[in-house]
Amino acid sequence: MAIALTKPWRPLNEAEVAKLGGHMGVYELGNGDGEVVYVGFAGGKSRFGLKGELMRVLREEPERSTRFRVEVTTAYATRYRELLMAHLAESGALPEQNRNERLPSLGRLSPG
């Protein structure tokens, strides 16, 4: 199993986000070059799950990114940390839009 999220990118617009359910899980936002710019999650306190989180991004921060991908999982907290650690291991830095956030403590990964 790959640590990085490998699902295909989808355009970040209302029509695509409306197709999502209210599931818990993780998501990545990407730029036009396919680079991950933000890793987020929809947890038990997220209103309307992944759909709600991404609709909020569209409503409040439409310039944040142009694409997204999601992974439905009830282990969203663990998977969120895993994705951040994988990004850090691969690129040497956190995703650009996660850098000023208060983040959980992260371990170190050495993906092979």
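From a predicted model like this one, the values you see are computed outputs, not experimental measurements.
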Quiz item: Going through the distances and angles, do E71 and R79 end up as a salt bridge (charged side-chain N to carboxylate O under 4.0 Å, His left out)?
Solution: CA-CA 9 Å; E71 181 178 294; R79 189 66 174 120; 2.7 Å; yes
Practice problem: For F68 and V70, run side-chain contact (heavy atoms from CB on, under 4.5 Å): C-alpha distance rounded to whole Å, both residues' side-chain angles, the deciding distance at 0.1 Å, then the answer. | Solution: CA-CA 7 Å; F68 75 97; V70 300; 3.8 Å; yes
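Among all heavy-atom pairs drawn from N98 and L103, the shortest one is O-CD1, 3.7 Å. A pairwise comparison of heavy atoms in R81 and S105 identifies NE-O, 3.9 Å as the closest pair. Of all the heavy atoms in G44 and M24, the pair that sits closest is N-SD, 3.8 Å. Minimum heavy-atom separation, G49 to A42: C-CB, 3.4 Å.
The local environment of CZ in R108 is sparse, with at most 12 non-hydrogen atoms from other residues, nucleotides or ligands closer than 6.0 Å.
Connection of Y38 to L83 is not established within any shared hydrophobic cluster, with ILVMFWY side chains joined at heavy-atom distances below 4.5 Å, either directly or through further cluster members. Connection of V72 to L12 is established within a shared hydrophobic cluster, with ILVMFWY side chains joined at heavy-atom distances below 4.5 Å, either directly or through further cluster members. Linking ILVMFWY side-chain heavy atoms closer than 4.5 Å, directly or via other members, places F48 and M55 in two distinct hydrophobic clusters. In terms of hydrophobic clustering, with Ile, Leu, Val, Met, Phe, Trp and Tyr side chains grouped at heavy-atom distances under 4.5 Å, V39 and V37 are assigned to different clusters. Residues L5 and V17 do not share a hydrophobic cluster, defined by chaining ILVMFWY side chains whose heavy atoms lie under 4.5 Å apart.
Checked against side-chain hydrogen bond (donor to acceptor under 3.5 Å, both in side chains), R10 has the following partners two or more places apart in sequence or in another chain: E16. By the salt bridge (charged side-chain N to carboxylate O under 4.0 Å, His left out) test, R64 is found to be paired with E61, residues two or more places apart in sequence or in another chain being considered. Partners of T66 according to the side-chain hydrogen bond (donor to acceptor under 3.5 Å, both in side chains) rule, which considers only residues two or more places apart in sequence or in another chain, do not exist here. Residues satisfying the ring-ring contact (aromatic ring centres under 6.0 Å, His included) criterion with Y80, sequence neighbours excluded, are F41. By the salt bridge (charged side-chain N to carboxylate O under 4.0 Å, His left out) test, E60 is found to be paired with R56, residues two or more places apart in sequence or in another chain being considered.
Side-chain atoms of H87 come within 3.5 Å of backbone atoms of A93 as a donor-acceptor pair (strictly under, hydrogens ignored).
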Per-pair distances, 0.1 Å, donor-acceptor, side chain in residues 26-36, under 3.5 Å, sequence neighbours excluded:
residue : atom : partner : partner atom : Å
E28     : OE1  : R69     : NE           : 2.7
E28     : OE1  : R69     : NH2          : 3.0
N31     : OD1  : D33     : N            : 2.9
N31     : OD1  : G34     : N            : 3.2
N31     : OD1  : E35     : N            : 3.0
N31     : ND2  : E35     : OE1          : 2.8

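Here the CD atom belonging to E63 is positioned 11.0 Å from the CG atom belonging to L58, to the nearest 0.5 angstrom. Within the model, atoms NZ of K51 and OG of S46 stand 14.5 Å from one another, a figure rounded to the nearest 0.5 Å.
Put simply, the side chain of P11 does not reach to within 4.5 Å of the side chain of R67, judged on heavy atoms.
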